[in-house]
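Have a look at the structure below, then the notes.
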Amino acid sequence: MRLSDLQSKDIVNITDGRNVGNIIDVKIDEETGNIVSFIIEPNKNFFHFFNRSNSVDTEIKWHSITKIGEDVILVKIGLP
């Protein structure tokens, strides 16, 4: 699988069902070559257009990913 394949998938938090955003980058362990985390650009919505100062990229650790499907990546972040 290529990074471009991952970038086209929706990322959904199974804790609250929300779309988290889009993958814009990945962190890779230099020694093992394994993916450490995804860097996510937050969803852009109406309020984001007017409030760009709060736009912060999110890092989702590999262990938070529960399933990579054909169209979606399910993650478990936030509430325990």
Residue pair Phe38 / Ile24, side-chain heavy-atom distance below 4.5 Å: no
Could you pull out the closest heavy-atom pair between Asp29 and Glu31, with the gap in Å? OD1-N, 2.7 Å
Which heavy atom of Ser8 sits nearest a heavy atom of Asp5, and at what distance? OG-O, 2.9 Å
Could you check whether any side-chain heavy atom of Thr66 comes within less than 4.5 Å of a side-chain heavy atom of Ile14, counting everything from C-beta outward? yes
I'd like to check Ile23 versus Ile73 (side-chain heavy atoms, cut-off strictly below 4.5 Å). Are they in contact? yes
same_hphob_cluster(Ile40, Val12) at 4.5 Å side-chain heavy-atom cutoff: no
Can you tell me how far the CG atom of Leu6 sits from the CG atom of Asp25, to the nearest 0.5 Å? 11.5 Å
Between NZ of Lys9 and CD of Glu70, what distance do you get to the nearest 0.5 Å? 7.0 Å
Step by step, would you call Glu59 with Ile39 a side chain to side chain contact (heavy atoms under 4.5 Å, CB included)? CA-CA 5 Å; Glu59 183 174 354; Ile39 308 301; 3.8 Å; yes
Using side-chain heavy atoms (C-beta onward) and a distance below 4.5 Å, is Lys61 in contact with Ser37? yes
Cluster question for you: counting only ILVMFWY and a side-chain heavy-atom cut-off of under 4.5 Å, with indirect links fine, are Ile28 and Ile68 together? yes
At what distance, to the nearest 0.5 angstrom, does CD1 of Ile60 lie from NZ of Lys27? 13.0 Å
Do Trp62 and Leu3 land in one hydrophobic cluster if side-chain heavy atoms of ILVMFWY residues count as linked below 4.5 Å? yes
Report whether Ile77 and Ile35 are members of the same hydrophobic cluster (ILVMFWY, side-chain heavy atoms less than 4.5 Å apart, transitive linking). yes
If two hydrophobic side chains count as joined below 4.5 Å and joins carry through other members, does Val36 share a cluster with Val75? no
